[in-house]
Amino acid sequence: MASRPDLADRLHGPLRLPPNPVFRAYRGGDALRRFRGLPERGPDHWPEEWIGSMTVAGNPDPEDRVQGLSMVEVPGLPPMTLASLVAAAPEPMVGAPFAHRHGATTGVLVKMIALSDAGPLHAHPDADFAQRELGLALGVEQLLDLGGR
């Protein structure tokens, strides 16, 4: 990876985040593919897209690959995960005050979900619950599905 000063110099302006579909037990996905201008293929088990994700999904995909982490394209460098970019350059990525308070994280996970049927009920804990019960700094870092952890 580039040195930190060189990396920081490359972070001016928007960075491209390629599509990041996530495998789930429930079905959907065509609305996401239409949104992205991709061919429709009917409902399948890729009904979510995680945008700007530094969170590993709780389940692997059918080929046992880790999923959930967004990739980012930095000009002049090979693709890398957003998590590795923020870890390498936290202040340019999230700002010095935020990085000093929360560390190398964005604290945000955006999901687009396009279901063809009803989806599972789940909750995102607030920061107090996440710290007390899960040992996590921010409530948005963990998705709790009912019936499991």
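Computation of the quantities below employed the complete heavy-atom set of this structure, encompassing side-chain atoms and omitting hydrogens, waters and symmetry-equivalent molecules. Model, not experiment: these values are computed from the prediction.
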Shortest non-hydrogen pair, Val22 vs Pro47, comes out as O-CD, 3.8 Å
Notebook entry, point to check: Are any non-hydrogen side-chain atoms of Ile113 and Leu32 less than 4.5 angstrom apart?
Noted result: no
Is there a donor-acceptor pair closer than 3.5 Å between any side-chain N or O of Asp30 and the backbone N or O of Arg41?
yes
> Does a donor on one side chain sit under 3.5 Å from an acceptor on the other, for Trp46 and Glu48?
Replying inline: no
Could you tell me whether a side-chain N or O of His45 sits under 3.5 Å from a main-chain N or O of Ala25, the two making a donor and an acceptor?
yes
Ser116 side chain reached by Arg27 side chain, heavy atoms, under 4.5 Å
yes
Item to check | Joint hydrophobic cluster, Leu38 plus Phe35, side-chain heavy atoms closer than 4.5 Å | outcome: no
**Prompt:** Are Glu40 and Arg34 close enough for a salt bridge, meaning some N to O gap below 4.0 Å?
**Reply:** yes
Show which side-chain atoms of residues 11-19 pair as donor or acceptor with protein atoms under 3.5 Å away, not counting sequence neighbours.
from  : atom 1 : to    : atom 2 : distance (Å)
Arg16 : NH1    : Glu73 : OE2    : 3.3

Students should find that the hydrophobic cluster of Leu69, defined by side-chain heavy atoms under 4.5 Å apart, otherwise consists of Val56, Val66
Taking every heavy atom of Ser70 against every heavy atom of Gly52, the minimum-distance pair comes out as OG-N, 3.1 Å
Sorted by chain and residue number, the side-chain hydrogen bond (donor to acceptor under 3.5 Å, both in side chains) partners of Arg132 (sequence neighbours excluded) come out as none
**Prompt:** Step by step, would you call Leu109 with Met54 a side chain to side chain contact (heavy atoms under 4.5 Å, CB included)?
**Reply:** CA-CA 7 Å; Leu109 169 59; Met54 294 179 58; over 6 Å; no
Note, Met71 side chain near Leu82 side chain (heavy atom, < 4.5 Å)
no
Are any non-hydrogen side-chain atoms of Lys111 and Glu49 less than 4.5 angstrom apart?
-> no
Show your working on side chain to side chain contact (heavy atoms under 4.5 Å, CB included) between Val110 and Trp50 and close with a plain yes or no. CA-CA 6 Å; Val110 176; Trp50 292 11; over 6 Å; no
Residue set satisfying side-chain hydrogen bond (donor to acceptor under 3.5 Å, both in side chains) with Gln67, at least two apart, ordered chain then number -> none
Minimal heavy-atom distance between Pro92 and Ala89, with the atoms involved, is CD-O, 3.3 Å
Shortest non-hydrogen pair, Ala87 vs Ala104, comes out as CA-CB, 3.8 Å
Interatomic distance, CG@Leu115 vs OH@Tyr26, rounded to 0.5 Å, equals 6.5 Å
The side-chain hydrogen bond (donor to acceptor under 3.5 Å, both in side chains) partners of Asn59 (sequence neighbours excluded) come to Arg24
Please set out all donor-acceptor pairs under 3.5 angstrom arising from side-chain atoms of residues 94-101, sequence neighbours excluded.
from   : atom 1 : to    : atom 2 : distance (Å)
His100 : NE2    : Glu91 : OE2    : 2.7

Margin query: For Gly29, is there any backbone N or O sitting under 3.5 Å from a side-chain donor or acceptor partner on Asp44?
Written below: no
In this structure, CG of Leu85 is separated from OG1 of Thr106 (nearest 0.5 Å) by 11.0 Å
request  = Answer whether the closest heavy-atom distance between the side chains of Arg10 and Leu77 falls below 4.5 Å.
outcome  = yes
